[in-house]
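Computed over heavy atoms, backbone and side chain alike; hydrogens, waters and symmetry mates excluded.
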Amino acid sequence: MSSKELVIKTNSIDDLASAAQQVIDFTKGESNVWLFHGEMGAGKTTFIKSICNILGVLDHVNSPTFALVNEYMTDNADTIYHFDMYRIKDETEAFDIGFEEYIYSKNLCLIEWPSKVERLLPEDCIDIDIKVVDEHSREITIRLN
């Protein structure tokens, strides 16, 4: 199966809303599991906040570092799950929170540090790589598999 790719360059935080809209448009009708890759401080959570804002999330969006998962409601009564797997030690912890139920729920799942749960992920995930270019600029690559 071939993959499609979109590369977006941002030069400031002001570009994130436009980038978020491009990601939403590009991924429409594809997987509900979005994997966010990038080094610590690359802006994964900040970009997820922009995506959630475009999708009409009513709740405060922040990193679920200690809770592992945050649940957000949109103005359309849709549910979005936001995961931060950075602190888990092994996949058993993901099982303990019912991770598989979340990702197979058909609700949008936004996952930071997905390498920690790689074996639990479905094959058709959307990969979003955020690469730091400099202090203000990022290169965001979206791959549909």
Side-chain angles (χ1 to χ4, degrees), residues 1 3-74 78-91 93-145:
M1 180 167 26
S3 64
K4 294 191 307 185
E5 187 175 283
L6 172 67
V7 177
I8 304 167
K9 294 182 183 347
T10 63
N11 295 310
S12 76
I13 201 158
D14 296 334
D15 296 340
L16 290 182
S18 170
Q21 186 64 61
Q22 289 178 67
V23 170
I24 291 164
D25 293 344
F26 185 69
T27 59
K28 196 166 238 58
E30 300 291 337
S31 175
N32 65 305
V33 180
W34 297 10
L35 311 177
F36 291 80
H37 308 275
E39 64 189 52
M40 183 75 73
K44 295 179 293 294
T45 302
T46 302
F47 193 48
I48 287 172
K49 286 179 184 180
S50 292
I51 290 168
C52 287
N53 187 47
I54 298 286
L55 293 174
V57 166
L58 302 170
D59 308 294
H60 176 71
V61 175
N62 61 0
S63 178
T65 302
F66 295 100
L68 296 183
V69 61
N70 286 344
E71 181 177 322
Y72 309 128
M73 294 301 296
T74 71
D78 291 325
T79 302
I80 296 174
Y81 299 115
H82 177 194
F83 297 87
D84 185 337
M85 297 301 186
Y86 182 74
R87 292 194 180 277
I88 73 165
K89 292 172 184 59
D90 61 55
E91 292 170 346
E93 290 180 59
F95 274 119
D96 290 346
I97 65 162
F99 181 70
E100 287 184 311
E101 291 175 36
Y102 288 109
I103 61 174
Y104 292 107
S105 69
K106 303 286 186 218
N107 292 311
L108 184 59
C109 295
L110 310 173
I111 305 171
E112 298 183 51
W113 302 101
S115 60
K116 301 276 196 145
V117 291
E118 204 164 43
R119 293 184 312 181
L120 304 178
L121 297 168
E123 288 183 21
D124 67 342
C125 298
I126 294 170
D127 286 299
I128 300 172
D129 293 300
I130 303 175
K131 180 181 165 201
V132 176
V133 176
D134 62 37
E135 184 181 346
H136 302 287
S137 304
R138 303 292 186 266
E139 183 177 277
I140 303 167
T141 304
I142 304 93
R143 260 185 308 293
L144 308 179
N145 298 318

So, for Ile24 and Ile51, which heavy atoms are closest and what is the spacing to 0.1 Å?
-> CD1-O, 4.0 Å
Between CG on residue Leu6 and OG1 on residue Thr27, distance to nearest 0.5 Å = 9.5 Å
Taking the side chain from Arg87 and the backbone from Leu68, do they hold a donor-acceptor pair closer than 3.5 Å?
-> no
Taking the side chain as C-beta and beyond, is there a heavy-atom pair between Trp34 and Ile142 under 4.5 Å?
-> no
Is a side-chain donor or acceptor of Asp59 paired with a backbone partner of Met73 at a separation under 3.5 angstrom?
-> yes
Please step through salt bridge (Lys or Arg N to Asp or Glu O under 4.0 Å) for the pair Asp15 and Arg138, ending with a clear verdict.
-> CA-CA 10 Å; Asp15 296 340; Arg138 303 292 186 266; over 6 Å; no
Evaluate side-chain contact (heavy atoms from CB on, under 4.5 Å) for Phe99 paired with Leu121, printing each intermediate quantity in order.
-> CA-CA 9 Å; Phe99 181 70; Leu121 297 168; 3.9 Å; yes
When rounded to the nearest 0.5 angstrom, what is the spacing between NE2 in His136 and CD1 in Ile13?
-> 10.5 Å
Within a reach of under 6.0 Å around CZ of Phe26, are more than 12 heavy atoms found that belong to other residues, nucleotides or ligands?
-> yes
When every non-hydrogen atom of Ile54 is compared with those of Gln21, the smallest separation belongs to CG2-OE1, 3.1 Å
Search all heavy atoms of Val61 against all heavy atoms of Cys52 and return the closest pair with its distance.
-> CG2-CB, 3.7 Å
Side chains of Asn53 and Ser50: does their closest heavy-atom pair fall under 4.5 Å?
-> no
Where do Cys125 and Ser31 come nearest, in terms of heavy atoms and distance?
-> CA-OG, 3.7 Å
Separation of Ile111 CD1 from Glu118 CD (nearest 0.5 Å) | 11.5 Å
Atom CD of Glu30 and atom CZ of Arg143: how far apart are they, to the nearest 0.5 Å?
-> 14.0 Å
The reported gap from CD1 in Ile80 to CG in Asn70 (rounded to nearest 0.5 angstrom) is 12.0 Å
Determine whether Pro114 and Met85 make a side-chain contact, defined as any pair of heavy atoms from C-beta on separated by less than 4.5 Å.
-> no
Might you point out which heavy atoms bring Glu91 and Lys116 nearest each other, and give the distance in Å?
-> CG-O, 3.6 Å
Sub-3.5 Å donor-acceptor pair from the side chain of Asp84 to the main-chain atoms of Pro64, do we have one?
-> no
Is the closest side-chain heavy-atom distance between Glu112 and Thr45 below 4.5 Å?
-> yes
Mark yes when over 12 heavy atoms from residues, nucleotides or ligands other than Glu100 sit less than 6.0 Å from its CD; otherwise mark no.
-> yes
Parallel, tilted or perpendicular: ring planes of Phe83 versus Tyr102, cut at 30 and 60 degrees | perpendicular
If every non-hydrogen atom of Ser63 is compared with every non-hydrogen atom of His82, which pair is closest and at what distance?
-> CA-CE1, 4.1 Å
From Leu16 CG over to Ile48 CD1, what is the distance, rounded to the nearest 0.5 angstrom?
-> 12.0 Å
Side-chain touch Asp78/Leu55, heavy atoms, less than 4.5 angstrom = no
Please check if the side chain of Lys44 supplies one atom and the backbone of Gly38 the other of a donor-acceptor pair under 3.5 Å.
-> yes
Test His37 against Asp127 for side-chain contact (heavy atoms from CB on, under 4.5 Å), laying out the working first.
-> CA-CA 7 Å; His37 308 275; Asp127 286 299; 2.7 Å; yes
Please examine the side chains of Thr79 and Glu71, heavy atoms only from C-beta on, and report whether any two atoms are closer than 4.5 Å.
-> yes
Give me the ring orientation class for Phe47 and Phe36: parallel if the planes are under 30° apart, tilted from 30 to 60°, perpendicular past 60°.
-> perpendicular
